[in-house]
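Below is one structure, written out as structure tokens; the observations come after it.
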Amino acid sequence: LQKKEKRKTTREVKSNQMIFNLLLYMGIFFIVGGFSLFLYSEMRLREIDIQLFKLEQRIKKELKHD
């Protein structure tokens with residue numbers, strides 16, 4: 001006795017396809033978002049490093065004058 005496999009309806013197929021598309025777009029969003037945050041943090045670190053360098057130069061200058 002063999003059971004016949006039930007064919008998926010077009011509604012079920014479209015539902016699965018929608019779920020996969022949602023997962024795909026969410027994954028792409030997280031990758032792009034994470035990369036954007038990484039770039040922002042690197043730019044911010046560079047900005048802080050420049051400010052620190054300027055502050056150190058100013059401290060050295062003040063110490064030489066005293």
Side-chain angles (χ1 to χ4, degrees):
L1 298 171
Q2 291 180 349
K3 289 186 180 179
K4 286 188 176 180
E5 289 187 26
K6 185 180 175 185
R7 289 185 65 196
K8 290 186 178 182
T9 63
T10 55
R11 183 177 288 166
E12 288 174 333
V13 171
K14 285 185 178 181
S15 176
N16 284 343
Q17 189 177 12
M18 282 176 42
I19 292 171
F20 289 136
N21 281 343
L22 182 64
L23 288 174
L24 172 73
Y25 292 131
M26 283 175 57
I28 290 171
F29 170 77
F30 281 121
I31 290 172
V32 170
F35 184 68
S36 300
L37 287 174
F38 169 74
L39 288 179
Y40 174 74
S41 68
E42 287 296 316
M43 291 187 321
R44 192 73 183 108
L45 281 173
R46 185 173 186 278
E47 202 174 295
I48 291 170
D49 195 35
I50 291 170
Q51 289 175 355
L52 185 62
F53 175 76
K54 288 179 180 178
L55 185 62
E56 287 173 349
Q57 294 300 313
R58 193 167 147 198
I59 291 171
K60 285 181 185 177
K61 181 181 171 186
E62 291 293 324
L63 287 175
K64 278 187 178 180
H65 286 312
D66 288 343

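Taking 4.5 Å as the limit, some side-chain heavy atom of K60 sits within range of a side-chain heavy atom of Q57.
The side chain to side chain donor-acceptor pair (under 3.5 Å) pairs that include a residue from residues 26-47 are R44-E47, where partners are two or more places apart or lie in different chains.
Residues L22, M26, F30 make up the rest of the hydrophobic cluster containing F29, defined by ILVMFWY side-chain heavy atoms closer than 4.5 Å, directly or through other members.
With rounding to the nearest 0.5 Å, the separation of NZ in K14 from CD in Q17 is 8.5 Å. Rounded to the nearest 0.5 angstrom, Q51 CD and D49 CG are separated by 10.0 Å.
Under a hydrophobic clustering in which Ile, Leu, Val, Met, Phe, Trp and Tyr are joined whenever their side-chain heavy atoms come within less than 4.5 Å, directly or via other members, L63 and L55 fall into the same cluster.
A donor-acceptor contact shorter than 3.5 Å is absent between the side chain of E56 and the backbone of F53.
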